[in-house]
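Below: one structure, written as structure tokens.
In what follows, chains are A, B, ... by sequence order, proteins preceding strands, each numbered from 1. As the structure is a computational prediction, the values presented were derived from the model and not from experiment.
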There are 2 protein chains.
Amino acid sequence: MASPTSTVENYLKEIYLAQERQGDQPVAMGEVARSLGVVPGTATSMIKNLARRGWAEYSPRIGVRLTDEGELVALNMIRRHRLLELFLVKTLGLDWSEIHEEAEQLEHAVSERVLDAMDAFLGRPTSDPHGDPIPSANGKMRQRKLVALSRCRVGAKAKVARITDQDSDFLQFVENQGLKPGTELTVTSRLPGADATGIALGESAPLTLGTRAAEKILVEEC
Amino acid sequence: MASPTSTVENYLKEIYLAQERQGDQPVAMGEVARSLGVVPGTATSMIKNLARRGWAEYSPRIGVRLTDEGELVALNMIRRHRLLELFLVKTLGLDWSEIHEEAEQLEHAVSERVLDAMDAFLGRPTSDPHGDPIPSANGKMRQRKLVALSRCRVGAKAKVARITDQDSDFLQFVENQGLKPGTELTVTSRLPGADATGIALGESAPLTLGTRAAEKILVEEC
DNA sequence: GTCTGGACTTTGAGTGCCCAAAATGACGGT
DNA sequence: ACCGTCATTTTGGGCACTCAAAGTCCAGAC
Ligand SMILES: [Mn+2]
Ligand SMILES: [Mn+2]
Ligand SMILES: [Mn+2]
Ligand SMILES: [Mn+2]
């Protein structure tokens, strides 16, 4: 009930994202600790707190799951985070590989009023600069069905829709190669032996991606 | 040395503003406590902290003064606060009477990078929506010499330059009467007995202000 | 010179969050 | 059944900030 501190907001958000990654499995304490950058004991005691306050269910030695109330807070934080990222890129012209940390702080400081003003200013967008969907104000998040570039058949035309890795070096690489969400490309080859996918963009020279990388680039049906 | 927490940032900013109000006198603990909304004992112990960490000088039973280093932090916070206020009003269209609290939170969350992007976006402005001067990135603050409306002679033409009261009700009144910074007006009467100043704006009906109010409205020379 | 009210300081305690390190539990291999 | 491993939990302690309430000081009144 009592409004969450910014630490709690971070926990709820990261638990939600971990749950999403794992297909709704309870999230282990180790995973929580890693996501939040704390020691496992800290995670355990914070999770007990979240449970006591009604945001999560805690099963010792199994993991945490958010309650409906917890999910609502988490989705609101994700909304804030992603709207802020988009705002920083589109309005203030910041580099999309550097905005994650900024949003990580700002998400706790913007009021609902400011957030809504930004949302309106941006024209009620539905995805952020990385292609991540932005939940609506009442906590609904559209899920597009996307495919990893690594799974597209050779010859397919595809449009980059989402980059599932916030690492700044990787994002910079994606940017340099012109692979940001929205870009159209053709899959030109697949070399399972070499663990690679070849692609071609409009003009520029063809490009080869390792499977590691091609898995992190999601495209609309191909 | 170690970077200030947001609590410390608030203390330094409020001490700076109090010092400014009092012509550089040391600021009493009671004043610090009132400005920060804490109990006096809390102020005393926090001030000792600031002193130990090199941001202030503390004379027991006298008051605090910022060191040069403390002033630099304070001016940076004031810069952040005022730039944010302007951004919220000019870019996001928020009501100027409601932005103070928003900026109070955001000032601790925006990075130097985001701040500079906003500054550029706004065209390197020199004053905020209330007419308060915005310190430069290196901590210089232009001081205009302004006069209280309550001290203008009858017949003078004057231009509103600054409103020295962040109270939301007062700001709303100022807004409703069309007295925001930039407005030009004429002083039509002074009634010391009635403790009032009469003014006329362009079209609208003449208006009478109590001295209380007229003191909080600063104008360019008159 | 003594008193006294009000400002200030000190003390003791609490909250929220964190870590280090010791204790515990569970699970697969033997 | 017994071990060892490794994740997890517990314990004890620390830091930053806060309040309540008791103690101290001082300026001005007398
Ligand atoms: Mn965050
Ligand atoms: Mn994103
Ligand atoms: Mn603040
Ligand atoms: Mn202002």
Side-chain angles (χ1 to χ4, degrees), chain A residues 1-15 18-19 21-22 25-66 70 73-74 77 104-105 107-109, chain B residues 1-15 18-19 21-22 25-66 70 73-74 77 104-105 107-109:
Chain A
M1 292 280 151
S3 74
T5 62
S6 64
T7 302
V8 168
E9 289 176 339
N10 283 334
Y11 274 80
L12 295 176
K13 188 183 58 165
E14 293 302 332
I15 293 168
Q19 254 178 232
R21 280 195 300 273
Q22 305 174 6
Q25 300 289 307
V27 181
M29 291 305 102
E31 180 64 18
V32 173
R34 218 168 312 117
S35 305
L36 274 304
V38 296
V39 112
T42 303
T44 302
S45 71
M46 273 303 295
I47 293 313
K48 283 190 193 168
N49 250 319
L50 300 187
R52 190 170 40 76
R53 299 211 256 164
W55 287 307
E57 282 168 33
Y58 169 52
S59 316
R61 313 237 163 218
I62 307 284
V64 226
R65 306 200 41 171
L66 298 184
V73 176
M77 293 315 294
E104 200 55 58
Q105 300 307 312
E107 63 190 5
H108 312 287
Chain B
M1 292 280 152
S3 73
T5 62
S6 65
T7 303
V8 168
E9 289 177 339
N10 282 333
Y11 274 81
L12 295 176
K13 187 182 59 164
E14 293 303 332
I15 293 167
Q19 256 179 232
R21 281 195 299 274
Q22 306 174 3
Q25 299 289 306
V27 181
M29 292 305 101
E31 180 64 19
V32 173
R34 217 167 314 116
S35 305
L36 275 303
V38 296
V39 111
T42 303
T44 302
S45 72
M46 272 302 296
I47 293 312
K48 284 189 191 168
N49 248 319
L50 301 186
R52 191 170 39 74
R53 299 212 257 163
W55 287 309
E57 282 169 34
Y58 169 53
S59 315
R61 313 233 164 222
I62 307 284
V64 225
R65 308 200 42 173
L66 299 183
V73 176
M77 293 315 294
E104 201 56 57
Q105 300 307 313
E107 64 190 4
H108 312 288

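The side chain of B:R53 lies closest to D:dC17 when the candidates are C:dC17, D:dC17, C:dC18. When the nucleotides D:dA20, D:dT18, C:dT9 are ranked by their closest atom to the side chain of B:R61, C:dT9 comes out on top. Across D:dT8, D:dT10, C:dC17, the shortest atom-to-atom separation from the side chain of A:M46 is found for C:dC17. Distance from the side chain of B:V38 is smallest to D:dT18 among D:dT8, D:dT18, C:dT10. Side-chain proximity of B:T5 to the nucleotides C:dT9, D:dA16, D:dT8 is greatest for D:dA16.
In this structure, A:G41 reaches the bases: a heavy-atom distance under 4.0 Å links it to at least one base atom across the strands shown. At the heavy-atom level, A:A28 lies under 4.0 Å from the strands shown only through sugar-phosphate atoms. Across all strands, A:S45 comes closer than 4.0 Å to no nucleic acid atom at all (heavy-atom distances). Using a 4.0 Å heavy-atom distance criterion, B:T7 is classed as a sugar-phosphate-only contact.
To the nearest 0.5 Å, atom CE of residue B:M29 and atom OH of residue B:Y58 are 5.5 Å apart.
In this structure, CG of A:N49 is placed 15 Å from C1' of D:dT10, rounded to the nearest angstrom. Residue A:N10 contributes atom CG, which lies 12 Å from atom C1' of C:dC17 at whole-angstrom precision.
Between A:Y11 and the phosphate of C:dC17, there is no side-chain N or O to OP1/OP2 separation shorter than 4.0 Å. For D:dC17, neither phosphate oxygen OP1 nor OP2 lies less than 4.0 angstrom from any side-chain nitrogen or oxygen of B:T42.
Under the side chain to side chain contact (heavy atoms under 4.5 Å, CB included) criterion, A:E14 pairs with A:L17, A:S35, A:L36, not counting sequence neighbours.
When each of B:R21, B:Q25, B:Q22 is checked for a side chain to side chain donor-acceptor pair (under 3.5 Å) with B:E31, only B:R21 meets the rule.
Closest-nucleotide positions on DNA chain C for B:E31 and A:S6 were compared, and the one nearer the 5' end corresponds to B:E31.
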